[in-house]
Colleague: 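One structure is given below, represented as structure tokens, and several questions about it will come after.
Sequence lines set the chain letters: A, B, ... in the order given, protein chains first and strands last, and positions in each chain run from 1. Not measured: the values here are computed from a predicted model.
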There are 2 protein chains.
Amino acid sequence: MQRITEQRRVLLEELQATKRHPTADELYETVRCRLPNISLGTVYRNLDLLVRSGSIRKLDKAGGQARYDADLSEHLHVRCLHCGAIADLPDDGALKLEIPLPVIPSYAITRYRLEFEGTCPGCSAGTT
Amino acid sequence: MQRITEQRRVLLEELQATKRHPTADELYETVRCRLPNISLGTVYRNLDLLVRSGSIRKLDKAGGQARYDADLSEHLHVRCLHCGAIADLPDDGALKLEIPLPVIPSYAITRYRLEFEGTCPGCSAGTT
DNA sequence: AATGCTATTAATAATGATTATCGATACTGA
DNA sequence: TCAGTATCGATAATCATTATTAATAGCATT
């Protein structure tokens with residue numbers, strides 16, 4: 001039985017309250033304002049539970065920290081190659097991508113991962 | 001000045017000789033047949049050099065081991081969600097995906113990552 | 001052939017994000 | 001109330017990868 005603990009609820013609230021896509025330890029810092037005694041392990045454990053119950057999405061990345069998103073609507077992301085920040089792509093018509101799943105004999109292809117990469121406004125300002 | 005050491009040459013040869021997409025430690029095991037004294041650090045270091053010189057491609061994945069590919073032609077991959085193995089998608093016409101890079105004011109989007117996921121023949125056989 | 005210079009090596013320690021462990025605590029339902 | 005279990009905070013362990021380091025090897029110049 002999955003209880004709705006204070007930690008879990010606050011974590012979800014804080015993630016839902018932001019349009020950024022925070023990492024586990026960014027969330028840890030945020031949540032500590034409301035729950036000063038929460039531990040980082042608890043953050044990771046609850047994020048994982050929330051991902052598995054389908055309440056949030058995990059945007060992971062090799063060699064870096066995973067980021068989390070409470071926006072469950074279909075949308076794509078851009079990741080900044082310099083600072084790692086993730087932004088939502090506006091879903092304004094133009095980007096209605098229809099990617100057909102390839103069919104290969106005896107290989108069950110079930111889904112795909114698509115993510116854009118580039119340089120965010122903040123980082124290109126710094127590079128001037 | 002970048003030397004062509006025995007280790008670097010053998011590593012590249014072995015990677016070019018396979019159609020699988022081995023991890024660093026799989027390559028380590030393979031290369032050890034020819035160079036028994038090579039160390040895993042050397043494998044990682046040289047793979048990184050080869051990636052940066054554009055001789056091979058790195059197919060990384062959050063929470064797992066990266067895999068490497070010496071096939072530089074444009075092609076897509078499927079990753080098995082169970083065993084982590086990567087296969088090439090046959091580039092037979094049907095899958096000529098044209099993914100336009102989205103345009104967002106002040107965000108320089110330069111490329112995308114696209115990878116398919118599913119269950120490979122070996123793993124779906126085991127699941128029967 | 002000897003010298004100096006730098007790239008590379010093998011071995012090993014360190015890193016960093018995440019996960020596991022564990023004893024204590026807090027719910028929950030009979 | 002009490003047993004059973006989910007969760008907690010604290011901390012140790014994991015695992016892939018990267019950094020460090022002392023030793024070696026290869027090239028260029030004498």
Side-chain angles (χ1 to χ4, degrees), chain A residues 1-15 21-53 55-69 79 82-86, chain B residues 1-15 21-53 55-69 79-86:
Chain A
M1 207 92 320
Q2 182 132 317
R3 288 182 201 148
I4 302 158
T5 64
E6 184 77 0
Q7 287 88 343
R8 188 132 59 228
R9 189 174 52 72
V10 170
L11 214 35
L12 180 56
E13 281 175 11
E14 291 298 334
L15 186 55
H21 304 76
T23 60
D25 67 87
E26 282 168 1
L27 266 168
Y28 173 56
E29 288 306 327
T30 305
V31 165
R32 240 141 56 106
C33 298
R34 296 171 63 185
L35 303 172
N37 293 325
I38 198 171
S39 102
L40 183 55
T42 299
V43 172
Y44 273 108
R45 181 159 21 79
N46 282 304
L47 284 174
D48 185 53
L49 283 169
L50 289 168
V51 167
R52 286 194 294 182
S53 70
S55 307
I56 64 174
R57 283 213 281 160
K58 182 177 186 176
L59 313 170
D60 49 14
K61 160 81 189 330
Q65 294 165 269
R67 287 170 178 275
Y68 298 86
D69 189 354
R79 193 185 296 260
H82 301 85
C83 66
I86 292 181
Chain B
M1 207 93 321
Q2 181 133 316
R3 288 183 201 147
I4 302 159
T5 63
E6 184 77 358
Q7 288 87 342
R8 188 131 59 228
R9 190 174 51 70
V10 170
L11 214 36
L12 181 56
E13 281 175 11
E14 291 297 334
L15 186 54
H21 304 76
T23 60
D25 67 89
E26 282 167 1
L27 267 168
Y28 173 55
E29 288 305 326
T30 304
V31 165
R32 242 145 51 110
C33 297
R34 294 172 62 184
L35 303 173
N37 293 325
I38 199 172
S39 101
L40 183 56
T42 300
V43 172
Y44 272 109
R45 183 162 20 78
N46 282 302
L47 284 174
D48 186 52
L49 283 169
L50 290 167
V51 167
R52 286 195 293 181
S53 71
S55 308
I56 65 175
R57 282 212 282 160
K58 182 176 186 177
L59 314 170
D60 50 13
K61 161 80 189 335
Q65 295 164 269
R67 288 170 176 275
Y68 297 87
D69 190 353
R79 194 186 295 260
C80 176
L81 292 168
H82 301 85
C83 66
I86 291 181

Colleague: So which of B/Thr30, B/Val31, B/Thr5 actually passes side-chain contact (heavy atoms from CB on, under 4.5 Å) with B/Leu11?
Modeller: B/Val31
Colleague: Does a side-chain N or O from B/Tyr44 land closer than 4.0 Å to OP1 or OP2 of D/dT18, or not?
Modeller: no
Colleague: Round to the nearest Å and state the distance from B/Asp60 atom CG to D/dA16 atom C1'.
Modeller: 12 Å
Colleague: Check the distance between C/dT6's P and B/Ile4's CD1 and give it to me in whole angstrom.
Modeller: 20 Å
Colleague: Has A/Thr23 got a side-chain N or O lying under 4.0 Å from the OP1 or OP2 atom of C/dA17?
Modeller: no
Colleague: Let me know, please, whether A/Ile38 or B/Asp48 comes out on the 5' side of the other along DNA chain D by nearest nucleotide.
Modeller: A/Ile38
Colleague: For A/Glu26, which residues count as a side chain to side chain donor-acceptor pair (under 3.5 Å) partner, sequence neighbours excluded?
Modeller: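 Per chain and number, A/Glu26 pairs via side chain to side chain donor-acceptor pair (under 3.5 Å) with no residue.
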Colleague: Sub-3.5 Å donor-acceptor pair from the side chain of B/Arg8 to the main-chain atoms of B/Arg3, do we have one?
Modeller: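 Yes; at least one donor-acceptor contact below 3.5 Å.
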Colleague: Over all strands shown, is A/Arg8 touching base, sugar-phosphate only, or nothing at heavy-atom distances under 4.0 angstrom?
Modeller: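 Sugar-phosphate, no base atom in range.
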Colleague: Write down the distance between CG (A/Leu27) and P (C/dT18), rounded to a whole number of angstrom.
Modeller: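 After rounding, the reported distance stands at 12 Å.
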Colleague: Does B/Thr5 place a side-chain N or O at less than 4.0 Å from the phosphate oxygens OP1/OP2 of C/dT9?
Modeller: yes
Colleague: Looking across every strand, which nucleic acid part, if any, lies under 4.0 Å from B/Asn46 by heavy atom: base, sugar-phosphate, or nothing?
Modeller: sugar-phosphate
Colleague: Whole angstroms only, please: what is the CG-P distance between A/Leu35 and D/dA10?
Modeller: 12 Å
Colleague: Starting at CZ of A/Arg52 and ending at C1' of D/dA6, how long is that distance when rounded to a whole Å?
Modeller: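 Interatomic distance, CZ of A/Arg52 to C1' of D/dA6: 14 Å.
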Colleague: For B/Tyr44, does its backbone N or O pair with a side-chain atom of B/Asp48 as donor and acceptor, under 3.5 Å?
Modeller: no
Colleague: Counting the atoms with a prime plus P, OP1 and OP2 as sugar-phosphate, which does A/Thr42 contact under 4.0 Å by heavy atoms, base, sugar-phosphate, or nothing?
Modeller: base
Colleague: Given atom CD of B/Gln65 and atom C1' of D/dT14, what is their separation to the nearest angstrom?
Modeller: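 Taking CD of B/Gln65 and C1' of D/dT14, I get 13 Å after rounding.
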Colleague: Has A/Arg45 got a side-chain N or O lying under 4.0 Å from the OP1 or OP2 atom of D/dT7?
Modeller: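 Answer no for this pair, as no side-chain N or O of A/Arg45 is under 4.0 Å from OP1 or OP2.
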Colleague: Establish, with yes or no, whether the OP1 or OP2 oxygen of C/dT6 is under 4.0 angstrom from a side-chain nitrogen or oxygen of B/Gln2.
Modeller: no
Colleague: Between C/dC5 atom P and B/Arg3 atom CZ, what is the distance in whole Å?
Modeller: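 After rounding, the reported distance stands at 14 Å.
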Colleague: If I take atom CG in residue B/Leu59 and atom C1' in nucleotide D/dA16, what distance separates them, rounded to the nearest angstrom?
Modeller: 16 Å
Colleague: Which is more 5' along DNA chain C, the nucleotide nearest A/Gly41 or the one nearest B/Leu40? Just name the residue.
Modeller: B/Leu40
Colleague: When you check the gap from the basic side-chain N to the acidic O, do A/Arg34 and A/Glu6 get nearer than 4.0 Å?
Modeller: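 Looking at A/Glu6 together with A/Arg34, the answer is no, because their closest N to O distance does not fall below 4.0 Å.
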Colleague: Name the residue closer to the 5' end of DNA chain C, choosing between A/Gly63 and B/Glu6 according to the nucleotide with the nearest heavy atom.
Modeller: B/Glu6
